[in-house]
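Remember, it's 1-based here, ligands and their atoms both numbered in the order they're listed.
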Amino acid sequence: MAKQDLILLALDPAPILDLMDRALRAAGYEVARASDRSGLDKSVQEAIPALLIVGEKFSDSDGLSVSKDMLERFPTLPIILYTNKDSSDLAKAALKTGMSGYLYPPLKIDDIVDEVQKSLARGRRLGDWLRREVRRTTSSLAEKAQISEAERNKLEAIIANIQDGVMVIDQNQNILFVNHAIREIFKLEGKEITGRSLVDVIPNEDLKALLVRSMEETLKHHEINFDDGRVFNAQYTFISKIGAAVTMQDITHFKELDRIKSDFIHTISHDLRSPLTSILGYTELIERTGPLNENQTEFIQRLQGSIQHITTLVNDLLDLGRLEAGFDTSREIVNLESILKYSLDMFDTQIKNKKLQIIKAITPDAQSIRANPTRIRQMMDNLIGNAIKYTPIEGVVRVSISMQEDQIIFKIEDNGPGILPNEQSHIFEKFYRATNVPEGVQGSGLGLAIVKSIVDSHQGRVWVESSQGKGSSFIVILPTQE
Ligand code: ADP
């Protein structure tokens, strides 16, 4: 209640001080006096007044600076300045400081009480507004904090419970977070791992390779194999300002299906080979049993062509099966240049028929490599065969062998139809034939899959660079020391 408000008077002794004291007490206010700065400080420490009346001159300081200090400490405290002589400059200065009232003689009791009441009311309004604002902002902050806390819990629950493994690492590859699935996959139950180096906590070679490769290449996924047969596909995602996330999906089941499918194809191809050989044998025998008319000869030739085609397909499938199974480990010192020569010799008739220009460029420092010569020949045959097959008459095919540090680079470039950008990533898949294949150009879509398997089994890399209508370059990089 206003009547119990404490009014602090900071005025030098004078009749007006006593008048104010009496008038305010009479109006029901509690009144206290301060005789100097230190007394004023003591008083406000004991009880914060509801209002302060300060003299223009107060002890050895002045009313304006006292008000400034007080308002810094108590911004809502109403302060009235008392001056012996009215001056508009002083009134302006008082307003600027943030004081709420201004008194000067001649003063009647009512003037004093009125001014005090007005200032108190203004101070109260300011205090109420401030309290409301504080309540409003803090409640909205609390609300926000609550939402984000709830959201965070939800997110944590989702990440913790999803089947895929999720781990987040910082820019130095220290662990920031791993979910439950990661702990299970790497058998980390109970271990305190946050903040530790990922490669120390999980010394898995495949994971290490993913981290190294992700920093250098655009390829951000890698298979992670475990001794117990589990296989995971790990995906690396860069996160700006944090580091990276690695997610892992269990693909053991798909790998097993793939293996069963390959076994099936292998068995079928194997079983088809013998009947195909005998069909081919009998077609040849027919020719020897007696003279055939023109039609019969043509049909037999077509039959033989088709059987040859199926036999090539079956042989390719068997080769792929063998390569994928990793049986192909025999190694010899192999000179790429001489293999290239044999391969080009084999295609000589086709090169001449299509009037192709073959340009060879082999750097003198080209080293020999440790490899399987039959497979390297097969790789070259497929790449050269394709270049010849897809390049139009009178086209140009460039073949080069060069060195780059301890790697040998085999490149074959043609000015054929080129391959559409969105198809380039598929052409190394089994049975994939791109839309650029001209009508009547035969093929099984297995040649490049075989090339890729051979290059992979020699720890090399193969890729295509091509622009539609201009030609294609196939580049193979093989390490000289496997
Ligand atoms: P195919 O038996 O069809 O030649 P490959 O696996 O050898 O199978 O090649 C896959 C596909 O890649 C081809 O069908 C063709 O579309 C494309 N291709 C391969 N080599 C070339 C090339 N030199 N120029 C243009 N396209 C090519």
Does the plane of the ring in Phe186 sit parallel, tilted or perpendicular to the ring in Phe226? Use 30° and 60° as the thresholds.
tilted
Please lay out, stage by stage, how Asp456 and Lys452 fare under the test salt bridge (Lys or Arg N to Asp or Glu O under 4.0 Å).
CA-CA 6 Å; Asp456 283 351; Lys452 171 120 180 42; 2.9 Å; yes
If the threshold is 4.0 Å, N to carboxylate O, is there a salt bridge linking Asp258 and Lys261?
yes
Does NZ or CZ of Arg302 come closer than 6.0 Å to the centre of the six-membered ring of Phe299, within 45° of the ring's axis?
no
Under a 4.0 Å threshold between the charged nitrogen and the carboxylate oxygen, would Glu337 count as salt-bridged to Lys360?
no
Can you give the donor-acceptor pairs under 3.5 Å from side chains of residues 174-182 to other protein atoms, not counting sequence neighbours?
residue : atom : partner : partner atom : Å
Asn179  : OD1  : Val166  : N            : 3.0
Asn179  : OD1  : Ala181  : N            : 3.4
Asn179  : OD1  : Ile182  : N            : 3.2
Asn179  : ND2  : Ile159  : O            : 2.8
Asn179  : ND2  : Asp164  : O            : 3.0

What does the 4.0 Å heavy-atom contact list look like for ligand 1?
Asn386, Ala387, Lys389, Tyr390, Asp414, Ile419, Ile427, Tyr432, Arg433, Ala434, Asn436, Val437, Gly443, Ser444, Gly445, Leu446, Gly447, Leu448, Ser472, Phe474
